[in-house]
Protein chains: 2
Amino acid sequence: MKKSGRPVIPRKTIYRLSIYLRCLARLRENSIGTVSSEALAKAAGVKPTQLRKDLAYFGTFGTRGLGYDVNELSLKISDELGTSSLQPVILVGVGNLGLALLSYRGFEKEGFEIIAAFDAEPRRKRDKEIKQPILGMDEMTSFIREHGVKMAILSVPAAAAQVVANRLIESGVMGILNFSPIVLAVPEDVMVNNVNLAIELENLSYFIQS
Amino acid sequence: MKKSGRPVIPRKTIYRLSIYLRCLARLRENSIGTVSSEALAKAAGVKPTQLRKDLAYFGTFGTRGLGYDVNELSLKISDELGTSSLQPVILVGVGNLGLALLSYRGFEKEGFEIIAAFDAEPRRKRDKEIKQPILGMDEMTSFIREHGVKMAILSVPAAAAQVVANRLIESGVMGILNFSPIVLAVPEDVMVNNVNLAIELENLSYFIQS
DNA sequence: AAGCGTTTGTGAAAAACTTCACATGAAGGC
DNA sequence: GCCTTCATGTGAAGTTTTTCACAAACGCTT
């Protein structure tokens, strides 16, 4: 049975919807009420037709001859992305990077909250004051189940990544933002997004040489 | 006129080459001398045919019936990516995230070195000891020129990102790894890779809901 | 030295994604 | 109320990327 009449929205489109949403937020801050696909596309770094195609996947919101209502479009994209409700996230691996992510005040504004962190040495001295509790790995599974956590940020060393990922998935986590420099093996229904800084740099360096 | 006989290698392929390189490194650590496209592809999370197509863009290195020599293939990919030589990188914006990146001991191993950081308040008290100098923004341009810096990591607040990017580009930077949550407007010959954590999370959350 | 099993390399097909071209609809002036 | 102007929405065309299918080539065994 097909799940209602909705078309499958391509992964790349979803990615761009997030970008549009941020551009729209800036327009709102500047009290701009209406925007054309041309202007919004420029702000997002894409072509106008692409923006319109992206939106067409889940509705038609524009007014011909005029453009899009900034507030309305924000709402519709937010709705589509399911960003309307605050999602609880946990972080595993409180090293340098993990600690920085914990202190990063940019998530809440965007609809996410890191509600707890886990580390093999939870009581290790850390330079920085943070508000989230740092718990031991043995408490992880029960915490995930109790709080219905569905997403995790993984910033443990490479050697531990797969083991920890397995435990996360067993406990009910469905999405992992992976900062470890290895490719995780996961079941099909689990989603992994990789952020690998060395690869990004390597990538840059290749293209600026040519 | 076509620029020598070399085909243009797609961006995505370059990205995957970096991944293959890391998988090969792990095989080497385990003293594995030969690997089939099937095994390597599995480790990298891609299909075997894709791996072979990717390699075919710049040569043929395998032995039919046997597979690839791990050392040789590592070398060839490294060569292609131009990762053989250490690249100097600067970081701009020493906030939470910037500081974490400075402390991150994963770049050198991969052929990059953050040789200096810049901040509007270079003398601000920071909790952590780091080895790189933190300089003022007024010293940035001369530093870039003197050291022939071609790549920069941008981790300043959104409001400052475009202005700083402009200055980086004027000074000679050709590649920017952008952590600010805005889309930078840059000339065609300048390459920007965006890393936006909120978008990655949003992306995850969308796909685990369906 | 020939045959067998295995794995690469690659043209061709398929799928995914982007861009084009233009008809359609809405707002505002005359 | 009609006409002009503007910008959306969308089928079709184009491009890029992935996957398929299979011939060619190598090592190993006999």
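Letters go in sequence order (proteins before strands), and every chain restarts at 1. All values below were derived from every heavy atom in this structure, side-chain atoms included, with hydrogens, water molecules and symmetry-related copies excluded.
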To the closest 0.5 Å, what do you measure between CG (B:N96) and OG (B:S155)? 10.0 Å
For residues A:L197 and B:F179, determine if any side-chain heavy atom of one lies less than 4.5 Å from a side-chain heavy atom of the other. yes
If every non-hydrogen atom of A:A161 is compared with every non-hydrogen atom of A:I182, which pair is closest and at what distance? CB-CD1, 3.8 Å
Of all the heavy-atom pairs spanning A:L135 and A:F143, show the shortest one and how long it is. CD1-CD1, 3.8 Å
In this structure, how many angstroms lie between the P atom of C:dT7 and the CG atom of B:L40, rounded? 14 Å
Side-chain N or O of B:Y57 closer than 4.0 Å to phosphate OP1/OP2 of C:dG9: no
Drop me the distance from A:D119's CG to A:M140's CE, to the nearest 0.5 angstrom. 11.0 Å
Summarise protein proximity over nucleotides 20-30 of chain C in one line of letters, 5' to 3': B for base, S for sugar-phosphate only, - for none, counting protein heavy atoms closer than 4.0 Å. BB--BBB----
Contacted region of DNA chain D by chain B, from 5' end to 3' end of the hits, cut-off under 4.0 Å to heavy atoms, spans D:dT17 to D:dC26
B:E113 side chain vs B:L86 backbone, donor-acceptor pair below 3.5 Å: no
Calculate the interatomic distance between A:E38 atom CD and C:dT19 atom P; express it in whole Å. 15 Å
Could you check A:A56 against A:K12 and say which one's nearest nucleotide on DNA chain D is further toward the 5' end? A:A56
Whether the B:T141 and B:R167 side chains hold a donor-acceptor pair (N or O, under 3.5 Å, no angle test) is what I'd like checked. yes
For residues 15-37 of chain A, which residues have at least one heavy atom under 4.0 Å from DNA chain C? A:R16
Nearest 0.5 angstrom please: A:I77 CD1 to A:Y20 OH, how far? 8.0 Å
To check you understand the geometry: which heavy-atom pair defines the closest contact between A:L154 and A:A165, and what is its length? CD2-CB, 4.2 Å
Closest-nucleotide ordering on DNA chain C, the 5'-leading residue of B:G67 and A:P10: B:G67
Just how far, in rounded Å, is P of C:dT8 from CD of B:Q50? 15 Å
Rounded to the nearest angstrom, tell me the gap between atom OH in B:Y68 and atom C1' in C:dT6. 13 Å
Tell me whether the count of non-hydrogen atoms from other residues, nucleotides or ligands lying under 6.0 Å of CD in B:E72 goes above 12. yes
What I want to check is whether the side chains of A:E200 and B:Y15 have a donor and an acceptor closer together than 3.5 Å. yes
